[in-house]
Asks: 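This is the structure, below, for whatever I ask next.
Here the structure is a predicted model, which is why all the values come from computation and not from measurement. Along the sequence shown, residues are numbered consecutively beginning with 1.
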Amino acid sequence: MGVLLQISGLIIAAALFLLVVSVLATSLSQHRGTVKLMNQQMEDARAIAEAHRLEYERARTEADLSWQGYRKFEIQRKAYEDELQQICSFYLVPHDKRQLPPFKPGQFLTFQLQIQTQHDQPGQPKPTIRCYSLSECSNPDLYRVSIKRMPPPRDNPDAPPGLASNYFHDHLNEGDIVDVKAPGGNFFLDTTQERPVVLIGGGIGVTPVLSMLNEIVESGSKRETWFFYGARNGSEHVMKEHLNRIALENDNVHLHVCYSAPKEGEVEGEDYHHKGRVSVDLFKELLPSNNYQFHICGPPPMMTSLVEGLEAWDVPDEDIKFEAFGPASVKKAPPASAIASAPTAELQITFGKSGKTCAWDASAGSILDFAEANGVVIDAGCRVGNCNTCLTAIKSGEVDYVRPPDTPPDAGTCLTCISVPKGDLTLDA
Ligand SMILES: Cc1cc2nc3c(=O)[nH]c(=O)nc-3n(C[C@H](O)[C@H](O)[C@H](O)COP(=O)(O)OP(=O)(O)OC[C@H]3O[C@@H](n4cnc5c(N)ncnc54)[C@H](O)[C@@H]3O)c2cc1C
């Protein structure tokens, strides 16, 4: 009995000892867990602070080195990027050899070209203004743009081919000089954040998102990045090796190339990832959630379907960023202030020179979109309030801006690409 009592006493003591050890171990491991979490949070906070510091420095350098108006650049190198030689990269260095301002990945350059057309007075070409996205960010001493030769529209093969893009391909060569405005535009990657991103490029619309991808990789960011690229097939697949190498060398980058019309012999899973177009259904299949910042640039049908699809998937508006290379295909409502200050009756816009008066409502988009839809020609370049090409005199009335202009226009004028009428409006167009 005494032995039994001694044994049960020992068992109880051992059990108590184990209990104490286990409580200590649990609290130690919880403590370790808490310390690890705190370290991680401090690490994240440090990374964010560092990103803000770098962004501050970048913005200061940009302000110091930027320029007003047009600056001369020399084409240092010209290189084709695709099998069919339809997309050509131009590497530009400043003719004055002074340092270049940094730019935000996704921004573009505005070019002013003197191209003689059949409508011009002999010897007096009207300047042609066009914008091209910066497609590379790794060399601070040069800018690179990648330009697609624009053919006549499929439904109008007899129309003249694209003026500026063909001029770049056929007439501009290494050593030539072009006039260029400082980088601009509001479609860019916020590099102060580490939030996961989805970058989507269709056709030549790949250029700004390529610049964003390059920046993520070059900066060593481990930001989760999904890159969707839509092309018809391998003939149009630009920078294939570059993209494959990035995906191979960076665990945080997930590359998905979609061919809508693969050529015979092109194999899904080898030459490209998915047959078909880039779609929200594909995102739902591949992405763990909808909690990403989406950046989209591509042809009008792609932009419309993706933006609408993402909205339907409950992605908040502020997480869907997009840029159109031509007339805006995705119409965004004007700001609440514009609607609040507008009279409830239908607004009338009169285009004085064209002799047209048309009824405007909020679904019409910008004044520029509205003018084009009504057959009124207003020259335009960037369509995002940077290049001033669409600047038009206001004869009466006022406008509201859907987004702030990069530089406020002179009194009595408006940038039609980013403005909407406040009330009845008469323009000198
Ligand atoms: C912010 C921004 C960034 C951009 N980035 C890039 C980029 O990185 N790379 C790139 O390649 N492009 C880019 N673009 C597009 C670029 O600016 C030009 O719009 C594009 O190169 C076409 O210009 P173009 O002068 O060659 O064609 P345009 O002369 O403007 O012609 C456009 C189309 O109209 C057709 N056309 C011309 N005349 C007629 C007519 N009488 N009847 C019917 N059709 C006609 C042409 O054949 C052509 O298909 C960007 C645009 C913007 C706004």
Asks: Assess whether atom CD of Glu318 is packed by more than 12 heavy atoms of other residues, nucleotides or ligands within 6.0 Å.
Replies: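 More than 12 within 6.0 Å, yes.
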
Asks: Looking only at the side chains, is there a donor atom on one of Asn214 and His242 sitting less than 3.5 Å from an acceptor on the other?
Replies: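 Yes, because at least one side-chain N or O of Asn214 sits under 3.5 Å from a partner of the opposite role on His242.
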
Asks: Answer yes or no: is there a side-chain heavy-atom contact under 4.5 Å between Pro299 and Pro301?
Replies: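 Result yes, sub-4.5 Å side-chain heavy-atom pair found.
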
Asks: Hey, could you give me the CD1/CG distance between Ile75 and Leu92, rounded to the nearest 0.5 Å?
Replies: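 CG of Leu92 is found 6.5 Å from CD1 of Ile75.
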
Asks: Do Glu81 and Ser89 pair up side chain to side chain, a donor and an acceptor below 3.5 Å, judged on atom types alone?
Replies: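 There is such a pair (donor and acceptor under 3.5 Å, judged by atom type) between the side chains of Glu81 and Ser89.
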
Asks: Could you check if a side-chain atom of Ile200 sits within less than 4.5 angstrom of a side-chain atom of Met302, using non-hydrogen atoms only?
Replies: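 In short, these two side chains touch, coming nearer than 4.5 Å.
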
Asks: Would you say the side-chain atoms of Thr392 pair up with the backbone N or O of Cys390, donor to acceptor, closer than 3.5 Å?
Replies: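 Between the backbone of Cys390 and the side chain of Thr392 there is a qualifying donor-acceptor contact (under 3.5 Å).
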
Asks: Testing the basics here: between Val178 and Leu172, what is the closest heavy-atom pair and its distance to 0.1 Å?
Replies: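 Of all heavy-atom pairs spanning Val178 and Leu172, the closest is CG1-CD1, 3.8 Å.
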
Asks: Under the ring pair (Phe, Tyr, Trp, His ring centres under 6.0 Å) test against Tyr132, which residue among Phe168, Phe108, Phe90 passes?
Replies: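 Result: among Phe168, Phe108, Phe90, Phe168 is the only option passing the ring pair (Phe, Tyr, Trp, His ring centres under 6.0 Å) with Tyr132.
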
Asks: Treating Ser165 as the side-chain partner and Met150 as the backbone partner, does any N or O pair qualify as donor plus acceptor under 3.5 Å?
Replies: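 Side chain of Ser165 to backbone of Met150, a donor-acceptor pair under 3.5 Å: yes, one is there.
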
Asks: Start with the C-alpha distance between Phe294 and Val315, add both sets of side-chain angles, then the distance that settles side-chain contact (heavy atoms from CB on, under 4.5 Å), and finish with yes or no.
Replies: CA-CA 9 Å; Phe294 293 82; Val315 177; 3.8 Å; yes

Asks: Where the side chain of Asp424 meets the backbone of Gln348, is there a donor-acceptor pair that is under 3.5 Å apart?
Replies: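 Yes; at least one donor-acceptor contact below 3.5 Å.
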
Asks: Of all residues at least two apart in sequence or in a different chain, which pass the ring pair (Phe, Tyr, Trp, His ring centres under 6.0 Å) check with Phe351?
Replies: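 With sequence neighbours excluded, Phe351 shows a ring pair (Phe, Tyr, Trp, His ring centres under 6.0 Å) to no residue whatsoever.
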
Asks: Return yes when atom CZ of Arg277 has more than 12 non-hydrogen atoms of other residues, nucleotides or ligands closer than 6.0 Å, and no otherwise.
Replies: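 12 or below, so no.
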
Asks: Go through the side-chain N and O atoms of Asp361 and Ser363 and say whether any donor and acceptor fall under 3.5 Å apart.
Replies: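 Looking only at side-chain atoms, Ser363 and Asp361 do form a donor-acceptor pair, the distance falling under 3.5 Å.
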
Asks: Side-chain contact test, heavy atoms from C-beta onward, threshold under 4.5 Å: evaluate it for Ile246 versus Phe227 and give yes or no.
Replies: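 Of all side-chain heavy-atom pairs linking Phe227 with Ile246, none is under 4.5 Å.
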
Asks: Hey, could you give me the CZ/CG distance between Arg383 and Asp369, rounded to the nearest 0.5 Å?
Replies: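 CG of Asp369 is found 5.5 Å from CZ of Arg383.
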
Asks: Judged by atom type as modelled, is there a donor-acceptor pair below 3.5 Å linking the side chain of Asn252 to the main-chain atoms of Arg223?
Replies: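 Here the side-chain-to-backbone pair exists.
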
Asks: Mark yes when over 12 heavy atoms from residues, nucleotides or ligands other than Glu249 sit less than 6.0 Å from its CD; otherwise mark no.
Replies: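 Check passes, neighbour count above 12.
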
Asks: Suppose we call two aromatic rings close when their centres sit under 6.0 Å apart. Are Phe228 and His273 close by that rule?
Replies: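 No: the rings miss the under 6.0 Å criterion.
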
Asks: Please check if any side-chain donor atom of Tyr292 sits under 3.5 Å from a side-chain acceptor atom of Glu224, or the reverse.
Replies: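 Yes.
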
Asks: Decide side-chain contact (heavy atoms from CB on, under 4.5 Å) for Tyr229 and Lys240; before the verdict, give the C-alpha distance in whole Å, the side-chain angles of both, and the deciding distance to 0.1 Å.
Replies: CA-CA 11 Å; Tyr229 173 33; Lys240 187 172 181 175; over 6 Å; no

Asks: CG/Leu109 to CD/Gln107 distance, rounded to the nearest 0.5 angstrom?
Replies: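 Answer rounded to 0.5 Å: 9.5 Å.
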
Asks: Where is the tightest heavy-atom contact between Ser235 and Glu266, given as atom of each residue plus distance?
Replies: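 Shortest heavy-atom separation between Ser235 and Glu266 comes out as N-OE2, 4.4 Å.
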
Asks: Can the ring centres of Phe103 and Phe188 be said to be less than 6.0 Å apart?
Replies: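 No: the rings miss the under 6.0 Å criterion.
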
Asks: Looking only at heavy atoms, which two atoms of Gln76 and Glu174 are closest? And how far apart?
Replies: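 Closest approach of Gln76 to Glu174, heavy atoms only: O-CG, 3.7 Å.
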
Asks: Whether the side chain of Lys356 engages the backbone of Val376 through a donor-acceptor N/O pair (distance < 3.5 Å, no angle test) should be reported.
Replies: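 Not a single qualifying donor-acceptor pair exists.
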
Asks: Using 0.5 Å steps for rounding, measure from the NZ atom of Lys321 to the SG atom of Cys297.
Replies: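 So the NZ of Lys321 and the SG of Cys297 are separated by 14.5 Å.
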
Asks: What heavy-atom pair brings Pro94 and Leu100 nearest, and what distance separates the two atoms?
Replies: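 What the structure gives for the nearest pair is CG-CD2, 3.7 Å.
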
Asks: If I take atom CG from residue Leu255 and atom OG1 from residue Thr225, how far apart are they, to the nearest 0.5 angstrom?
Replies: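 The CG atom of Leu255 sits 11.5 Å away from the OG1 atom of Thr225.
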
Asks: Under the rule for ring pair (Phe, Tyr, Trp, His ring centres under 6.0 Å), what residues qualify as partners of Tyr56, not counting sequence neighbours?
Replies: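 In terms of ring pair (Phe, Tyr, Trp, His ring centres under 6.0 Å), with neighbours along the sequence ignored, Tyr56 is linked to no residue.
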
Asks: Hydrogens and angles aside, do His237 and Tyr259 bring a side-chain donor and acceptor to less than 3.5 Å of each other?
Replies: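 Result is yes, a qualifying pair exists.
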
Asks: Could you check Leu287, Asn290, Val209 and say which one makes a side-chain contact (heavy atoms from CB on, under 4.5 Å) with Val198?
Replies: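 Result for side-chain contact (heavy atoms from CB on, under 4.5 Å) with Val198: Leu287.
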
Asks: Kindly assign one of parallel, tilted or perpendicular to the pair Trp360 and Phe370, based on the angle between their ring planes and the thresholds 30° and 60°.
Replies: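 Geometry flag for Phe370 against Trp360: perpendicular rings.
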
Asks: For the pair Asn244 (side chain) and Glu241 (backbone), establish whether a donor and an acceptor sit closer than 3.5 Å, ignoring hydrogens and angles.
Replies: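 Answer holds: no.
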
Asks: Could you check if a side-chain atom of Leu134 sits within less than 4.5 angstrom of a side-chain atom of Pro183, using non-hydrogen atoms only?
Replies: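 Result yes, sub-4.5 Å side-chain heavy-atom pair found.
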
Asks: So which heavy atom on Ser221 is nearest to which on Glu194, and how close?
Replies: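 What the structure gives for the nearest pair is OG-OE2, 3.2 Å.
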
Asks: Nearest heavy-atom pair of Ile394 and Cys414: which atoms, and what distance?
Replies: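 Nearest heavy atoms, Ile394 then Cys414: CD1-CB, 3.7 Å.
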
Asks: Could you check whether atom CD of Glu57 has more than 12 heavy atoms from other residues, nucleotides or ligands sitting under 6.0 Å from it?
Replies: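 Atom CD in Glu57 is packed in, count exceeds 12.
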
Asks: Could you tell me if Thr110 and Gln112 have a donor-acceptor pair between their side chains, going purely by distance under 3.5 Å?
Replies: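 The criterion, which ignores hydrogens and geometry beyond distance, is not satisfied for Thr110 and Gln112.
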
Asks: Tell me, with the steps shown, if Asp379 and Ile129 meet side-chain contact (heavy atoms from CB on, under 4.5 Å).
Replies: CA-CA 9 Å; Asp379 281 348; Ile129 314 283; over 6 Å; no

Asks: Are the charged groups of Asp190 and Arg195 less than 4.0 angstrom apart, N to O?
Replies: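 Salt bridge between Asp190 and Arg195, a charged N being under 4.0 Å from a carboxylate O: no.
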
Asks: Show the numbers, then the answer: is there a salt bridge (Lys or Arg N to Asp or Glu O under 4.0 Å) between Arg149 and Asp170?
Replies: CA-CA 9 Å; Arg149 183 193 279 282; Asp170 298 334; 2.8 Å; yes

Asks: May I ask you to say whether Lys72 pairs ionically with Asp179, meaning some side-chain N is under 4.0 Å from a carboxylate O?
Replies: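 Judged by the 4.0 Å cut-off on N to carboxylate O distance, Lys72 and Asp179 do form a salt bridge.
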
Asks: So do the side chains of Leu113 and His171 get within less than 4.5 Å of each other, counting heavy atoms only?
Replies: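 No. Closest side-chain heavy atoms not under 4.5 Å.
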
Asks: Just do the side-chain contact (heavy atoms from CB on, under 4.5 Å) check on Val399 and Leu415 with the steps written out, would you?
Replies: CA-CA 9 Å; Val399 300; Leu415 290 169; over 6 Å; no

Asks: Do Ile367 and Pro421 make a side-chain contact, defined as non-hydrogen atoms from C-beta onward lying under 4.5 Å apart?
Replies: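 Side chain of Ile367 against side chain of Pro421, heavy atoms only: contact under 4.5 Å found.
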
Asks: State plainly whether the residues Lys222 and Asp251 are in salt-bridge range, i.e. N to O under 4.0 Å.
Replies: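 Salt bridge absent between Lys222 and Asp251.
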
Asks: Report yes if some heavy atom in the side chain of Phe187 is under 4.5 Å from a heavy atom in the side chain of Ile296; otherwise report no.
Replies: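 No, too far: nothing below the 4.5 Å cut-off.
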
Asks: How many angstroms lie between atom NZ of Lys263 and atom CG of Asn233, to the nearest 0.5 angstrom?
Replies: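 Between Lys263 NZ and Asn233 CG, I get 5.5 Å after rounding to 0.5 Å.
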
